[in-house]
Amino acid sequence: MLKVGVIGTGMIGQDHIRRLTTVLNGVTVTAVADVDAAVAAEVGGRIGAAVHATGEEVIADPNVEAALVCSWGPTHEQYVLAAIAARKPVFCEKPLAATQGACLRIVEAEVAYGSRLVQVGYMRRFDFAYRQLKLALDGGEIGTPLMMHCAHRNASVPSFYQKEMAITDTAVHEIDMVRWMFGTEIAAVRVLVPRRSSHGGDLQDPLFLIFEMASGVLVDVETSVNIRYGYDIRGEIVGESGTASLGSLSPVAVRRDGRVANPVPADWRERFLAAYDVELQEWVLAISRGGQPLGPSAWDGYAAAVVSDAGVSALRTGERVLVSLVDQPKLYAEGVQ
Ligand code: NAD
Ligand code: ISE
């Protein structure tokens, strides 16, 4: 049984604790912490885990072999660095850290340690539909890829959500996904600003992002975070000899009264339920066998942060912004996997 400590027991922290304790094999949650002590006590009490005052105490706990960081983005760096210093594997929810500088500090700490300890929570790589899409692409079914059209729609977002978050918090999933899908880096970013939806109040929503892949593939991403009707994730790759796209929203369609109805997922928890299960089960297996994590690395977290920053700059200036990464350390030499 891999003993895991969870830092941050909010929405996704609780959802991951549920899957670690009731869905997955070979893992147990032995400790938790949250700056909201009442929430930590309630969640920890429910599963019989030790409740610590800080994330650092969770990492230092001898009854914790690996850490899961599910706190707010700006707090990730301190916990990931503490886990590396303690030589314990750490799964960190996206984004790896709030700035590219912070991500680079994590990369440098891991490189100094000498082998991989960090995995970042970009779960789309574990989603059945995205994996099938990649198989179709890699199998040559649609020929050389030319373009990809994506939509990332949330029913609503919390009141603290700022327009930049459509890039740093939302489209960051597409940033990671297309690097993985096409096996190449994003070279430049543009952001177009459409007419504003009245559902978002003062928030500039939607946005229209354009990523130029180093291979020449062009990707467009619509982010709409007040779409109301549900959580809708779309992707279609246009190749030289055909197209391949993510399938319908739901495995069940109801035909009635002359209409067909496909339920739309309410949020990311529902749409990516199975992807999170696979993501964490594969992580638990890799760590339990004494190996390195195989999912998105600290380098992937860094690359996503650099593209995010380019996107924010493109949004503010209206310009096409080039993406420039530092040289990739040998530890991550396989490139974009
Ligand atoms: P949330 O606000 O529901 O929960 C975050 C929790 O972290 C809160 O309980 C908060 O009190 C706690 N916290 C904040 N600072 C802390 C600190 N310094 N130490 C310990 N605990 C601290 O937010 P959420 O929606 O659960 O998001 C958490 C993280 O997960 C974010 O990085 C977010 O981007 C990521 N996330 C990923 C996905 C995904 O699809 N992979 C989905 C949602 C959220
Ligand atoms: C949230 O943090 C996530 O990561 C979800 O997957 C994404 O759809 C949402 O826009 C983010 O706020």
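Side-chain atoms are counted along with the backbone in the values below, which use heavy atoms only and exclude waters and symmetry mates. Counting starts at 1 for both ligands and their atoms, following the listed order.
In this structure, His173 has a heavy atom closer than 4.0 Å to ligand 1. Using a 4.0 angstrom heavy-atom cutoff, Val39 does not count as in contact with ligand 1. For Tyr122, the heavy-atom gap to ligand 1 stays at 4.0 angstrom or more. The closest approach between any non-hydrogen atom of His76 and ligand 1 is below 4.0 Å. At least one heavy atom of Cys70 sits closer than 4.0 Å to an atom of ligand 1. Residue contacts with ligand 1: Phe272 is excluded, as none of its non-hydrogen atoms falls under 4.0 Å.
Residues satisfying the side-chain hydrogen bond (donor to acceptor under 3.5 Å, both in side chains) test with Gln132, not counting sequence neighbours, are none.
Remark: ligand 1 and Tyr79 share an N or O pair separated by less than 3.5 Å (distance only, no angle test). Between Thr170 and ligand 2, an N or O atom pair is found at a separation short of 3.5 Å. Taking distance alone, with nitrogen or oxygen atoms compared against 3.5 Å, Ala33 stays at or beyond that limit from ligand 1. Taking any N or O of Lys94, backbone or side chain, at least one lies under 3.5 Å from an N or O belonging to ligand 2. Residue Glu93 places at least one N or O, backbone or side chain, under 3.5 Å from an N or O of ligand 1. For ligand 1, the polar-atom distance check finds an N/O of Trp72 within less than 3.5 Å of one of the ligand's N/O atoms.
Using a distance-only test at 3.5 Å, with no hydrogens or angles considered, a donor-acceptor pair links the side chain of Gln328 to the main chain of Tyr332. Formation of a donor-acceptor pair under 3.5 Å by the Asn63 side chain with backbone atoms of Thr30 is not found in this model. Judged by distance alone, the side chain of Asp205 and the main-chain N or O of Val225 form a donor-acceptor pair under 3.5 Å. A donor-acceptor contact shorter than 3.5 Å is absent between the side chain of Glu65 and the backbone of Lys88.
Side chain to side chain, Tyr130 and Arg124 meet the donor-acceptor criterion of an N or O pair below 3.5 Å. Side chain to side chain, Thr170 and Tyr161 meet the donor-acceptor criterion of an N or O pair below 3.5 Å.
In this structure, of Arg271, His152, Glu174, the residue bringing a heavy atom nearest to atom 7 (C) of ligand 2 is His152. Here atom 34 (O) of ligand 1 lies nearest to Lys94 when heavy atoms of Lys94, Met165, Arg124 are compared. With atom 24 (P) of ligand 1 as the reference point, the heavy atom nearest to it among Thr9, Val6, Ile12 is part of Ile12. If you check each of Val35, Thr168, Asp36, Leu96 against atom 21 (N) of ligand 1, the one with the closest non-hydrogen atom is Val35.
Atoms of ligand 1 found under 4.0 Å from any heavy atom of Thr75, numbered from 1 in the order shown, are 15 (N), 18 (N). Proximity to Gly73 (heavy-atom distance under 4.0 Å) selects the following atoms of ligand 1: 32 (O). In summary, the atoms of ligand 1 found under 4.0 Å from a heavy atom of Gly121, numbered by their order in the structure, are 41 (N).
Residues Asp267 and Arg269 are paired through a salt bridge, judged by an N-O separation under 4.0 Å between the basic side chain and the carboxylate.
Counted within 6.0 Å of CZ on Phe208, heavy atoms from surrounding residues, nucleotides or ligands total more than 12; the atom is thus considered enclosed. Atom CG of Asp202 is surrounded by 12 or fewer heavy atoms from other residues, nucleotides or ligands within 6.0 Å. Heavy-atom neighbours of Lys163 NZ from other residues, nucleotides or ligands within 6.0 Å: at or below the threshold of 12.
Contacts of Met123 with ligand 1, taken as heavy-atom pairs under 4.0 Å, involve the side chain alone. Contact annotation: for Asp34 versus ligand 1, heavy atoms closer than 4.0 Å belong to both the backbone and the side chain. At a heavy-atom distance under 4.0 Å, atoms from both the backbone and the side chain of Asp169 approach ligand 2. Contact annotation: for Phe272 versus ligand 2, there are no heavy atoms closer than 4.0 Å. At a 4.0 Å heavy-atom cut-off, ligand 1 touches Met11 through backbone and side chain alike.
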May I have the step-by-step check of side-chain hydrogen bond (donor to acceptor under 3.5 Å, both in side chains) for His149 and Arg234, ending in yes or no?
CA-CA 8 Å; His149 307 299; Arg234 298 185 179 200; over 6 Å; no
Where do Glu279 and Gln119 land on the side-chain hydrogen bond (donor to acceptor under 3.5 Å, both in side chains) test, with the steps shown first?
CA-CA 10 Å; Glu279 168 188 59; Gln119 178 165 328; 5.1 Å; no
Test side-chain hydrogen bond (donor to acceptor under 3.5 Å, both in side chains) on His152 and Glu222; report intermediate values, then the result.
CA-CA 6 Å; His152 189 150; Glu222 167 211 318; over 6 Å; no
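Looking from atom 6 (O) of ligand 2 to the surrounding protein, the closest heavy atom is His173 NE2, 3.1 Å.
Through direct or indirect side-chain contacts shorter than 4.5 Å among Ile, Leu, Val, Met, Phe, Trp and Tyr, Phe126 is connected to Val278.
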